[in-house]
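Down below is the structure, laid out as structure tokens.
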Amino acid sequence: MQTAGSQTSLTRREFVRRIALGGSAVGLCGAGALASEASAASPPSIVVFSKIFQEIKLNYEDAAALTAEAGLDGIDCPVRPGGEVLPERVADDLPRYAEALRKHGLKIPLLTTAITSTATPHAELILKTGKQLGATFYRLGFVYHKKNTTVSDQIAEARTQLKDLAGLNRQIGIGALLQNHSPSGSSVYLAGDLSEMRQLVEGFEPGQIGVAFDIGHALIVHGDGWRAHFEALRSHLKIAYIKDATRRGRWTPFGQGEIGQAGYFKLLKQMNYQAPFSMHIEYDWADPGNKSRATLLKVLRESSGVLRRWLAEA
């Protein structure tokens, strides 16, 4: 139950955020693109990829409270096998999670799924439930390079599945996202190379099949060449995934890697990006035996603070 005291706390939290970021919102929106004076005063929306909450086994109510205390706007929720919300329980559990967040004034604008085709178990139920609860986009599951199949054949197969998903997305009113991902061990992700990503999304309506551009993975795979690929994908970029990294493939605390100096946030400013930023905590934020709510709260506050500084300075 939300008490009068918790309402006051939320108002104070929002007030502090708006004062601290008052100048950044105007910088993120071109003067001619401002929808209204209210939108000009709004800070950028930052949600956390809430997979991180699973590391300390938070229930939905505790996860919502921590998200609010960290000064964030909501979550990018993993609805997939092993995720915070299991696909077979989405109709029961995702509304519970959404309600817990709503009590703190928070939302679930994004989902992360294992959906790769309309035949993925529970795909339609996940998307309909997410849409009803305010989600606008969902990330698709990953597809890996196959050893005995050419990349062109894999892209052709994937595009057939994407065509079916685009139809389902149109019917439901939600969009799918492809994320670029650097190799993990011996696993190489289809569309991890952004030239493959371009081939996958080309010709699709961006609102139905779009891109979750991950600058960390792009920097690892392409180095400074990521910029040319970004320009080729600009029309399909819908959501920015943010995690800090070095070109050598090491995940770091925000501000200790190389993405802050890559010029990425200036490009987003130029294209008047106003969608949520999905903040990912990928580095080892504490020793396994010392992971706690207090430590995670500190990490979330520090990470979002650096991200907001990057946005304000762009």
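Just so you know, these numbers use all the heavy atoms, side chains as well, and skip hydrogens, waters and symmetry mates.
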Would you call [X]-[Y] a salt bridge at under 4.0 Å N-O?
| X | Y | result |
| --- | --- | --- |
| R247 | D224 | yes |
| R102 | E99 | yes |
| K243 | D214 | yes |
| E302 | K298 | yes |
| K269 | E313 | no |

Can you tell me how far apart [atom1] ([X]) and [atom2] ([Y]) are? Round to the nearest 0.5 Å.
| X | Y | atom1 | atom2 | value |
| --- | --- | --- | --- | --- |
| M271 | S235 | CE | OG | 8.5 Å |
| L127 | I115 | CG | CD1 | 4.0 Å |
| H236 | K238 | NE2 | NZ | 8.5 Å |
| D62 | I56 | CG | CD1 | 8.5 Å |
| I174 | Q132 | CD1 | CD | 10.5 Å |
| L111 | L94 | CG | CG | 6.0 Å |

Group every Ile, Leu, Val, Met, Phe, Trp and Tyr by side-chain heavy-atom contacts under 4.5 Å, then state whether [X] and [Y] land in the same group.
| X | Y | value |
| --- | --- | --- |
| V306 | L297 | yes |
| L125 | F137 | yes |
| Y189 | I209 | no |
| V151 | Y144 | no |
| F49 | L140 | no |

Just do the side chain to side chain contact (heavy atoms under 4.5 Å, CB included) check on I242 and F265 with the steps written out, would you? CA-CA 10 Å; I242 309 297; F265 299 102; 3.8 Å; yes

Without swapping roles, check the side chain of [X] against the backbone of [Y] for a donor-acceptor pair under 3.5 Å.
| X | Y | result |
| --- | --- | --- |
| D244 | I259 | yes |
| S45 | P276 | no |
| R159 | L200 | yes |
| T129 | I126 | no |
| H222 | D193 | no |
| T149 | K146 | no |
| K131 | G173 | yes |
| R170 | Q208 | no |

Is there a side-chain contact between [X] and [Y] (heavy atoms, below 4.5 Å)?
| X | Y | value |
| --- | --- | --- |
| K291 | W285 | yes |
| L101 | I75 | yes |
| L110 | R139 | no |
| I155 | E196 | yes |
| F53 | T67 | yes |
| M279 | F254 | yes |
| L86 | D93 | no |
| L307 | P44 | no |

Taking atom types as modelled and ignoring hydrogens, do the side chains of [X] and [Y] form a donor-acceptor contact shorter than 3.5 angstrom?
| X | Y | value |
| --- | --- | --- |
| T246 | E258 | no |
| Y97 | E84 | yes |
| H217 | E282 | no |
| Q274 | N272 | yes |
| Y138 | N169 | yes |
| T118 | D164 | no |
| S187 | S184 | no |
| S278 | H280 | yes |

Are there over 12 heavy-atom neighbours, none belonging to D153, within less than 6.0 Å of that residue's CG?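 For D153, atom CG is crowded (more than 12 foreign heavy atoms under 6.0 Å).
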
Using the side chain to side chain contact (heavy atoms under 4.5 Å, CB included) rule, take L233 and M197 through it: C-alpha gap first, then chi angles, then the decisive distance, then the call. CA-CA 8 Å; L233 289 165; M197 177 76 80; 3.7 Å; yes

Smallest separation among heavy atoms of [X] and [Y], with atom names:
| X | Y | result |
| --- | --- | --- |
| A68 | L106 | N-CD1, 3.6 Å |
| P183 | V188 | CB-CG2, 4.4 Å |
| G255 | W310 | N-CZ2, 3.6 Å |
| C77 | S50 | CA-OG, 3.7 Å |
| A64 | A100 | CB-O, 3.5 Å |
| T295 | A286 | CG2-CB, 4.2 Å |

Worked check of salt bridge (charged side-chain N to carboxylate O under 4.0 Å, His left out) between R227 and E231: CA-CA 6 Å; R227 287 173 176 262; E231 292 298 335; over 6 Å; no

Run the side chain to side chain contact (heavy atoms under 4.5 Å, CB included) check on E69 and R293 step by step: do they pass? CA-CA 11 Å; E69 195 172 346; R293 185 188 189 281; 2.9 Å; yes

Working note: Y264 + F213, criterion ring-ring contact (aromatic ring centres under 6.0 Å, His included); need CA distance, chi angles, decisive distance, verdict. CA-CA 11 Å; Y264 180 54; F213 194 91; 5.7 Å; yes

Please assess L237 against Y273 for the test side chain to side chain contact (heavy atoms under 4.5 Å, CB included), listing each intermediate value before the final yes or no. CA-CA 9 Å; L237 189 149; Y273 178 89; 3.8 Å; yes

